[in-house]
Amino acid sequence: MSQVITRFAPSPTGYLHIGGARTALFSWLFARHHGGQFKLRIEDTDRARSTEDAIAKIFEGLKWLGLDWDGEAVMQFARAARHAEVAHELLAQGKAYRCYCSQEELAEMREKAKAEGRPMGYDGRWRNRDPNDAPAGVAPVIRLMAPKDGETVVADLVQGEVKVANSQLDDMVLLRGDGTPTYMLSVVVDDHDMNISHVIRGDDHLTNTFRQMQIYNSMGWAAPDFGHIPLIHGPDGAKLSKRHGALGVEAYRDMGFLPEAMRNYLLRLGWSHGDDEIISTEQAVAWFNLENVGRSPSRFDMNKLSSLNGHYLREAGDARLVDEIAPKIEDKLGRPLLPLETERLTKGMAGLKERAKSVLDLAGAAAFYAERPSFDAKAQKILIPLTLGEGALIIDGFLSRAYDLPAFERSAIEALARSYSEEAGCKLGDLAQPLRAALTGSTTSPPIFEVMEILGALECQNRFSSALQFIQTTA
RNA sequence: GACCCCAUCGUCUAGAGGCCUAGGACACCAGCCUUUCACGUUGGUAACACGGGUUCGAAUCCCGUUGGGGUCGCCA
């Protein structure tokens, strides 16, 4: 195989959605696997719907996903003149012709064809018509003179050999009345000029490929190899669209997913390598191929993404995760984090990340290291009985003994807690749970003796007394 | 409507004629671990859409049915 060049060619009419992200990932992996290039082309020829903002979002989304492209992104609209040039070349060679049909005529044709059970399309009435018949004042479109007989074949790398009878295909428009190129023409010309060797894109383009093939053939160009990957459906099995549950990648970022988890998840959605589930990006580059891309559509499953995310969260470095959650906690606090608090977060991160499924979870669960907690319902339920009986005294006794420890450190505190609870005739949990509630404001947290060490003896004492105070004033 | 594609547990998938009384992962259920929650671990429920062929033998090949999806624009 000569130089592999793939491309991702989104139209900037919205954010980079999840289906596009996977297409980009597959194209990127394929190029990297073969030591080739991965190019980006923005298909902005629809001037009305393309926006700068969408272009920025796409760049941002790809960067966040870690999919770097080679060279500058190609802006398709800038190449309109070249596209038109090709259309005129075809015209000059007699492989295309001018058509003066009105929209009404076209609509009529479609109706008629549908009624007769034929494919809906243009009937070719200007194919061989004398140009002198051209109605005045109508700007013609240029249509490809497509073959009438035989069939057009696509040897798809994913779907296998797919063919259609040419009688099913009509003469497509290459150049609009205003002289601008259509999508079909633009893609073909750009893919050709950019030396794209492999076009990897969504299944929804499979039938378009026949038409594109006809343009390649007319120009005498060698077509690239195609690989049409199945679409992603929503949880209900319907096509995932922007209206129907397809979120932009930044939405997943905002929900607290890590890009590496996203990559792993998207990779497994439609591609497999035996029973392997956890696949690093390096591994993916080494393994990726088109042969193992499945042919059937798949559904997006948050649960699996979350589970993968939990895995990568546990693998992520503590400093990176602190950086991730710091702004979120600062938002909540309404002030910058103190060095002391950042230090606590860093020390506590190992215990924290073990329990999180998303960066959001993580930020929520970590907040108590930075701020004095408020007490959730379950925590209150544990704390309230304390003031009624001896509970508070017992814990207070433990705390002052812990305070006298030569080192206020996890294992020493735990050892003390074990002996102390035995002495006091209670279970370890009877000591640990109220402490957890008082210190963290919640019934779930990292190991409480670890939390105590990180918080420090003084802070523990303070938090415990303010918890008691809080209970006395509310209960 | 025409054409094209697809069809294994709820979901993602392994499976390229005998290794399949169908494997893994997520989710779910039960147990273990345990100061909570997670993690981890053990076990469990759960699928070859249906009907015909081909073959000594089919989840795997062929045909049909059904179901799902996609495309039919002077959008991309």
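Throughout, a chain's letter reflects where its sequence line sits, starting with A, and its residues are numbered from 1.
Judged purely by distance below 3.5 Å, without hydrogens or angles, the side chains of A:D133 and A:Y100 never pair a donor atom with an acceptor atom. In the model, A:R79 has no side-chain atom that pairs as donor or acceptor with a side-chain atom of A:Q76 under 3.5 Å. Side chains of A:R201 and A:T209: a donor on one and an acceptor on the other come within 3.5 Å.
Residue-level contact check: A:E277 touches the bases, meaning some heavy atom is under 4.0 Å from a base atom. Residue-level contact check: A:G270 touches the backbone only, with heavy atoms under 4.0 Å from sugar-phosphate atoms and none from bases. A:R268 comes within 4.0 angstrom of a base, heavy atoms only. Across all strands shown, A:I448 has heavy atoms under 4.0 Å from base atoms, whether or not it also approaches the sugar-phosphate. Residue A:V141 is in base contact, counting any heavy-atom pair closer than 4.0 Å across all strands shown. When heavy atoms are screened at a 4.0 angstrom cut-off, A:P297 is found touching the sugar-phosphate backbone but no base atom. Residue contacts shown for A:D204 are limited to sugar-phosphate atoms, with no base heavy atom under 4.0 Å away. As judged by a 4.0 angstrom heavy-atom cut-off over every strand, A:C101 is placed among the base-contacting residues. At the heavy-atom level, A:H228 lies nowhere under 4.0 Å from the strands shown. Residue contacts shown for A:R418 are limited to sugar-phosphate atoms, with no base heavy atom under 4.0 Å away. Here A:P230 lies out of heavy-atom contact (under 4.0 Å) with every strand. If you check every strand for non-hydrogen atoms under 4.0 Å, A:R49 touches a base. Residue A:F300 is classed as having no contact, given no heavy-atom separation below 4.0 Å to the nucleic acid. When heavy atoms are screened at a 4.0 angstrom cut-off, A:K427 is found touching no nucleic acid atom at all.
Contact of the A:Y15 side chain with the A:H17 side chain is registered, since non-hydrogen atoms from C-beta on lie closer than 4.5 Å. Residues A:N166 and A:F210 form no side-chain contact, since every pair of their non-hydrogen atoms from C-beta on lies 4.5 Å or further apart.
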Could you list, one pair per line, each protein nitrogen or oxygen that sits under 3.5 Å from a nitrogen or oxygen of nucleotides 58-60 of chain B, together with the distance?
none

Please enumerate all protein N or O atoms sitting under 3.5 Å from an N or O of nucleotides 14-20 of chain B, with distances to 0.1 Å.
{"from": "B:A14", "atom 1": "OP1", "to": "A:S272", "atom 2": "OG", "distance (Å)": "2.7"}

Between the protein and nucleotides 26-30 of chain B, list the N/O to N/O atom pairs that are separated by less than 3.5 angstrom.
{"from": "B:C26", "atom 1": "O2'", "to": "A:N303", "atom 2": "O", "distance (Å)": "3.4"}
{"from": "B:C26", "atom 1": "O2'", "to": "A:K304", "atom 2": "N", "distance (Å)": "3.2"}

Restricting both atoms to N or O, compile the protein contacts to nucleotides 43-45 of chain B shorter than 3.5 Å, with distance only.
none

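If you take atom P in B:G31 and the same atom in B:G68, they sit 41 Å apart, rounded to whole Å. Rounded to whole Å, the C1' atom of B:A7 lies 14 Å from the corresponding atom of B:U60. The gap from the C1' atom of B:C5 to that of B:G10 amounts to 24 Å, rounded to the nearest Å. To the nearest whole angstrom, the two C1' atoms, one in B:C12 and one in B:G73, are 35 Å apart. The gap from the C1' atom of B:C39 to that of B:C26 amounts to 16 Å, rounded to the nearest Å. Remark: the separation of the C1' atoms in B:A59 and B:G17 is 10 Å, to the nearest Å. Between B:A22 and B:A16, the two P atoms lie 16 Å apart (nearest whole Å). Taking atom P in both B:G43 and B:G24, the straight-line distance is 10 Å, to the nearest Å.
In the set B:G1, B:A25, B:A76, the nucleotide with an atom closest to the side chain of A:K114 is B:G1. The side chain of A:E414 lies closest to B:U35, out of B:U35, B:C4, B:A76. Checking B:C6, B:C3, B:A38 against the side-chain heavy atoms of A:S296 singles out B:C6 as nearest. Nearest nucleotide to the A:R436 side chain, out of B:U13, B:A2, B:U35: B:U35. Here the side chain of A:R410 is nearest to one of B:A2, B:U35, B:C39, namely B:U35. Across B:C3, B:U35, B:A76, the shortest atom-to-atom separation from the side chain of A:T45 is found for B:A76. With B:C5, B:A7, B:A38 as the candidates, the nucleotide lying closest to the side chain of A:Q159 is B:C5. Comparing atom distances between the A:R143 side chain and each of B:U71, B:C74, B:C37 picks out B:C74 as nearest. Taking only side-chain atoms of A:V162, from C-beta outward, the nucleotide of B:C4, B:C74, B:A76 with the closest atom is B:C4. Of the listed nucleotides (B:C74, B:U35, B:C72), B:C74 has the atom at the smallest distance from the side chain of A:Q103.
No cation-pi contact links A:R401 to A:Y420, judged by a cut-off of 6.0 Å to the six-membered ring centre and 45° from its axis.
Applying the 3.5 Å distance criterion, the base of B:C6 shares no donor-acceptor pair with the side chain of A:R295.
Taking side-chain N and O atoms only, A:T207 has no distance below 4.0 Å to OP1 or OP2 of B:G70.
We find that CE of A:M75 is positioned 15 Å from P of B:A76, with the value rounded to whole Å. Spacing between atom NZ of A:K112 and atom C1' of B:C72 amounts to 18 Å, rounded to whole angstrom units.
Partner assigned to B:C56 is B:G18, using Watson-Crick or G-U wobble distances below 3.5 angstrom.
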Between side-chain atoms of residues 286-294 of chain A and protein atoms elsewhere (two or more places apart, or another chain), which donor-acceptor pairs fall under 3.5 Å?
{"from": "A:N289", "atom 1": "OD1", "to": "A:W271", "atom 2": "NE1", "distance (Å)": "3.0"}
{"from": "A:N289", "atom 1": "OD1", "to": "A:N292", "atom 2": "N", "distance (Å)": "3.3"}
{"from": "A:N289", "atom 1": "OD1", "to": "A:N292", "atom 2": "ND2", "distance (Å)": "3.3"}
{"from": "A:N289", "atom 1": "ND2", "to": "A:E291", "atom 2": "OE1", "distance (Å)": "3.4"}

Please output the side-chain donor-acceptor pairs of residues 177-186 of chain A that fall under 3.5 Å, not counting sequence neighbours, one pair per line with the distance.
{"from": "A:D178", "atom 1": "OD1", "to": "A:T180", "atom 2": "N", "distance (Å)": "2.9"}
{"from": "A:D178", "atom 1": "OD1", "to": "A:T180", "atom 2": "OG1", "distance (Å)": "2.7"}
{"from": "A:T180", "atom 1": "OG1", "to": "A:R176", "atom 2": "NH1", "distance (Å)": "2.9"}
{"from": "A:T182", "atom 1": "OG1", "to": "A:V173", "atom 2": "O", "distance (Å)": "2.9"}
{"from": "A:T182", "atom 1": "OG1", "to": "A:L174", "atom 2": "O", "distance (Å)": "3.3"}
{"from": "A:Y183", "atom 1": "OH", "to": "A:H205", "atom 2": "ND1", "distance (Å)": "3.2"}
{"from": "A:S186", "atom 1": "OG", "to": "A:H83", "atom 2": "ND1", "distance (Å)": "3.3"}
{"from": "A:S186", "atom 1": "OG", "to": "A:T182", "atom 2": "O", "distance (Å)": "3.0"}

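In terms of modelled atom types and a separation under 3.5 Å, the side chain of A:R355 and the main chain of A:L362 share no donor-acceptor contact.
A perpendicular orientation is assigned to the rings of A:Y265 and A:F300, their planes being inclined by more than 60° (bins at 30° and 60°).
What you find for A:C460 and A:L455 is that their closest heavy atoms are SG-CB, 4.0 Å.
Of the inter-residue distances, the one linking A:D191 atom CG with A:H198 atom NE2 reads 12.5 Å to the nearest 0.5 angstrom. Going from atom NE2 of A:H273 over to atom CD of A:Q283 covers 7.0 Å, rounded to the nearest 0.5 Å. The structure places CD1 of A:I279 at 5.0 Å from CG of A:L267, a figure rounded to the nearest 0.5 Å.
A side-chain hydrogen bond (donor to acceptor under 3.5 Å, both in side chains) with A:H228 is found for exactly one of A:D204, A:D156, A:D203, A:N208, namely A:D156.
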